[in-house]
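In listed order, ligands and their atoms are each counted from 1.
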Amino acid sequence: MTESTRFAGRRVAVTGAAGGIGQAIVERLLGEGAEVYGLDRRGVDTLPHGAVGIEMDLGSPESVASVVARLYAEDDRPVDLVNSAGIVEDNVPAESMPIEQFDAVLGVNLRGVFITCQAFGRELLARGGGAIVNIASMSGNAVVNYPQSQSAYNTSKAAVTALTKSLSVEWSPRGVRLNALSPGYVDTPLNYLKADMHDTWKRDIVIDRFATPAEVAGAVAFLLSDDAAYFIGSELLMDGGFSLR
Ligand SMILES: NC(=O)c1ccc[n+]([C@@H]2O[C@H](COP(=O)([O-])OP(=O)(O)OC[C@H]3O[C@@H](n4cnc5c(N)ncnc54)[C@H](O)[C@@H]3O)[C@@H](O)[C@H]2O)c1
């Protein structure tokens, strides 16, 4: 765990906190002194020690609103936001994808991110500012993955970046700074079901390995920090060189 006090006194909520990347973000921010709320629709009782786990479904505006109300009920300090929750459940050729599957992926990855940005962003605007980091993906704007078909996922991630830019123009002049982080392949459960594809993917990763969740967490911490004050609506790509080949 990185030990520093960079985020002492700051409160940060992390969605998808029970996931591979979310857990690493929680750990990193705790290690740098933040008070961290880990939000997920499952597994919030096994978060790293020191985090407050709260069950939340970002597909439900009511669920998100009640969590936001709880976070501000006894403490008025701003709560920054990291959106790490996401699903990739669409390894199906586009011509045969049921529309329900497309909706499900966009429902979490795009609609859910809008809902959380809106609910948390509103409170930050009312308190003079804060920071939001949305995890997009290299699959949004930099590459189209191969050999799997994931048109819904890729589209949702391009949209997360577009949303981040749009909200930046609306909110950054009022102190709410948003950025998107776009990782390449990361060693997390999201990819475990596709183990037969790992060799194909690695052929295009210039440094021949997946990112670790901790490396992603380090980039999130940077974007949340004051060192990134001039990053406004940026998409930061960290893909081990995958998109260069
Ligand atoms: N792993 C990768 O290779 C990779 C690469 C690029 C981007 N990403 C993105 O990084 C983020 C985190 O991915 P990960 O690898 O940690 O995945 P993961 O599957 O390990 O974790 C995702 C978490 O999101 C939670 N979640 C899903 N839907 C939810 C909902 N409706 N409400 C609340 N929580 C919900 C899940 O319960 C899970 O704990 C995702 O947005 C993913 O698209 C991952």
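- For atom 42 (C) of ligand 1, the nearest non-hydrogen atom from the set F210, Y192, W201, Y153 comes from Y153.
- Contacts between R41 and ligand 1 below 4.0 angstrom, taking non-hydrogen atoms only, involve backbone and side chain alike.
- The closest approach between any non-hydrogen atom of P189 and ligand 1 is below 4.0 Å.
- Of the N or O atoms in L58, one or more lie within a sub-3.5 Å distance of an N or O in ligand 1.
- Under 4.0 Å from ligand 1, not a single heavy atom of L39 appears.
- The contact set between ligand 1 and V108, taken as ligand atoms under 4.0 Å from a residue heavy atom, comprises 28 (N), 31 (N).
- Sorted by first and then second residue, the side chain to side chain donor-acceptor pair (under 3.5 Å) pairs with a member in residues 107-134 read D76-R127, N83-T116, N83-N134, N109-S156, E123-R127, N134-T164; sequence neighbours excluded.
- Near S84, meaning under 4.0 Å from one of its heavy atoms, ligand 1 places the atoms 11 (C), 12 (C), 40 (C), 41 (O).
- Summary of contacts: the protein heavy atom closest to atom 16 (O) of ligand 1 is I21 N, 2.8 Å.
- Close N/O approach between T188 and ligand 1 is found [any backbone or side-chain N/O within under 3.5 Å].
- Distances from ligand 1 to the non-hydrogen atoms of K157 include at least one value under 4.0 Å.
- At a heavy-atom cutoff of 4.0 Å, ligand 1 is contacted by the side chain of N191 but not by its backbone.
- Heavy-atom distances between T15 and ligand 1 stay at or above 4.0 Å for every pair.
- Atoms of ligand 1 lying under 4.0 Å from at least one heavy atom of M56, given by number and element, are 32 (N), 33 (C).
- The closest non-hydrogen atom to atom 7 (C) of ligand 1, taken over G140, A136, P213, G86, comes from A136.
- Taking 4.0 Å as the cut-off, G184 counts as a neighbour of ligand 1 on heavy-atom distance.
- Judged as a side chain to side chain donor-acceptor pair (under 3.5 Å), and not counting sequence neighbours, the contacts of D239 are S243.
- Checked against a 3.5 angstrom limit, the closest N/O atoms of G19 and ligand 1 fall inside it.
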